[in-house]
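Following: one structure in structure tokens, then a few remarks.
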Amino acid sequence: MSRSKSDFFTNGSPDPPAQEEKAAAGVSPKSPKSSGEVEELRQNLEEKTKEAEENYARLLRLAADMENLKKRQERERAELLQFANENLVKELLPVVDNLERALDHGRQLEAPPALLEGIEMVHHAFIKALDRFGVTAHDSLGQQFDPAFHNAMMEEEAPDVPDGSVIKELQKGYLMHQRLLRPAMVVVARNTQNETTSDKNDSTVQEEK
């Protein structure tokens with residue numbers, strides 16, 4: 001039986017099912033995850049967290065190593081600049097030694113004052129130039145003998161000074177930026193009086209025994 005147009009407009013077409021109802025009808029509700037899956041996810045999360053912490057700690061160590069390497073390179077570069085002329089300075093020190101010997105001989109022989117003055121000016125110019133490069137003389141006279149700074153050439157009896165002290169300086173020692181450049185050649189005092197007293201004390205102790 002056919003429907004007229006009036007019936008269509010009067011009764012209307014049947015309402016199509018709602019979109020939400022279609023979607024709900026075609027999808028079955030999800031079942032909750034099992035406890036085993038939750039535990040597996042938790043373990044994966046812990047592993048990834050631990051891995052991230054280890055990577056972060058490794059990154060901090062690498063950053064610290066890079067900073068230490070940078071500081072060491074800067075220190076080595078600064079030392080290289082400071083001691084770049086070390087070999088040249090060592091070659092010039094004998095010239096200074098000879099100028100000082102010439103002054104000593106000139107004073108002993110009463111050389112003309114003009115000659116001594118000229119040598120003194122040259123010597124002073126050398127010392128001033130060395131000072132600009134951080135080179136200074138190491139004073140040894142009266143100091144206790146130190147193998148780190150002195151080369152003992154001989155010993156002499158000197159009862160009036162402490163045993164082992166430097167009484168003569170045959171050749172000056174020099175420092176470069178507070179680091180030893182050349183040790184001093186020295187004569188060291190040997191106090192025989194102290195040795196005699198020590199021997200007497202030892203013999204007295206043996207007799208008492």
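Counting from 1, the numbers follow the sequence of the chain as shown.
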Less than 4.0 angstrom from a charged side-chain N to a carboxylate O is my criterion; do E86 and R179 meet it? yes
Using modelled atom types and a 3.5 Å cut-off, is there a donor and acceptor pairing between side-chain atoms of R107 and backbone atoms of A102? no
Side-chain contact, heavy-atom cut-off 4.5 Å: V89 with L181? yes
For the pair K70 and D65, find out whether any cationic side-chain nitrogen is under 4.0 Å from an anionic carboxylate oxygen. no
For the atom pair CG (L69) and CD (E74), what is the distance rounded to the nearest 0.5 Å? 10.0 Å
Where do A148 and L180 come nearest, in terms of heavy atoms and distance? O-CD2, 3.1 Å
For E47 and K50, what are the C-alpha separation, side-chain angles and deciding distance, and is it a side-chain contact (heavy atoms from CB on, under 4.5 Å)? CA-CA 5 Å; E47 291 176 358; K50 183 178 180 181; 5.8 Å; no
Classify the angle between the aromatic ring planes of H177 and F83 as parallel (below 30°), tilted (30 to 60°) or perpendicular (above 60°). perpendicular
Could you tell me if the side chain of Y174 sits less than 4.5 Å from the side chain of L93, heavy atoms only? yes
Are L80 and E76 side-chain neighbours, meaning at least one heavy-atom pair lies under 4.5 Å? no
F145 reachable from M154 in the ILVMFWY side-chain graph, under 4.5 Å edges: no
State, with a plain yes or no, whether a side-chain heavy atom of V122 is found less than 4.5 Å away from one of L99. yes
With sequence neighbours excluded, residues passing side-chain contact (heavy atoms from CB on, under 4.5 Å) with H105: Q108
Between N191 and D163, the two heavy atoms sitting closest are N-OD1, 2.9 Å
Looking at E110, I'd like to know if its CD atom is crowded, meaning that more than 12 non-hydrogen atoms belonging to other residues, nucleotides or ligands lie closer than 6.0 Å. no
Does this structure show an ion pair linking E46 with R42, if we count only N-O contacts that are shorter than 4.0 Å? yes
So, taking the atom named CG in N55 and the one named CZ in R58, what distance separates them when rounded to the nearest 0.5 Å? 5.0 Å
If you apply the rule side-chain contact (heavy atoms from CB on, under 4.5 Å), what do you find for E100 with V96, and how did you get there? CA-CA 6 Å; E100 292 175 350; V96 178; 3.9 Å; yes
Are Q171 and R101 close enough, and set up right, to give a side-chain contact (heavy atoms from CB on, under 4.5 Å), and what steps lead you there? CA-CA 10 Å; Q171 181 177 274; R101 293 189 187 101; 4.2 Å; yes
L92 versus F126, closest heavy-atom pair with distance: CD2-CE2, 4.3 Å
What I want to find out is whether E156 reaches R190 closely enough, with some N-O distance under 4.0 Å, to be called a salt bridge. no
Show your reasoning for whether side-chain contact (heavy atoms from CB on, under 4.5 Å) applies to V161 and I167. CA-CA 8 Å; V161 298; I167 56 176; 3.9 Å; yes
Looking at E39, I'd like to know if its CD atom is crowded, meaning that more than 12 non-hydrogen atoms belonging to other residues, nucleotides or ligands lie closer than 6.0 Å. yes
E169 CD to H138 NE2 distance, which is reported to the nearest 0.5 Å: 8.5 Å
So does E79 have more than 12 non-hydrogen atoms from other groups sitting under 6.0 Å from CD? yes
Hey, could you give me the CD/OG1 distance between E51 and T49, rounded to the nearest 0.5 Å? 10.0 Å
Side-chain (N151) to main-chain (M185) donor-acceptor, under 3.5 angstrom: no
Verify, without hydrogens or angle tests, whether D131 (side chain) and I127 (backbone) share a donor-acceptor contact under 3.5 angstrom. no
Heavy-atom nearest pair, D97 first then R182, reads OD2-NH1, 2.8 Å
Using a 4.5 Å cut-off on heavy atoms from C-beta on, say whether the side chain of H123 contacts that of E120. no
CG of L141 to NZ of K172, rounded to nearest 0.5 Å, is 9.0 Å
Looking only at atom types and distance, does a side-chain atom of H150 sit under 3.5 Å from a main-chain N or O of D146, one as donor and one as acceptor? yes
Please find the pair of heavy atoms, one from L103 and one from L116, that lie closest to each other, and give the distance. CD2-O, 3.7 Å
Shortest non-hydrogen pair, P162 vs A189, comes out as O-CB, 3.9 Å
Quick one: does F149's side chain get under 4.5 Å of L175's, heavy atoms only? yes
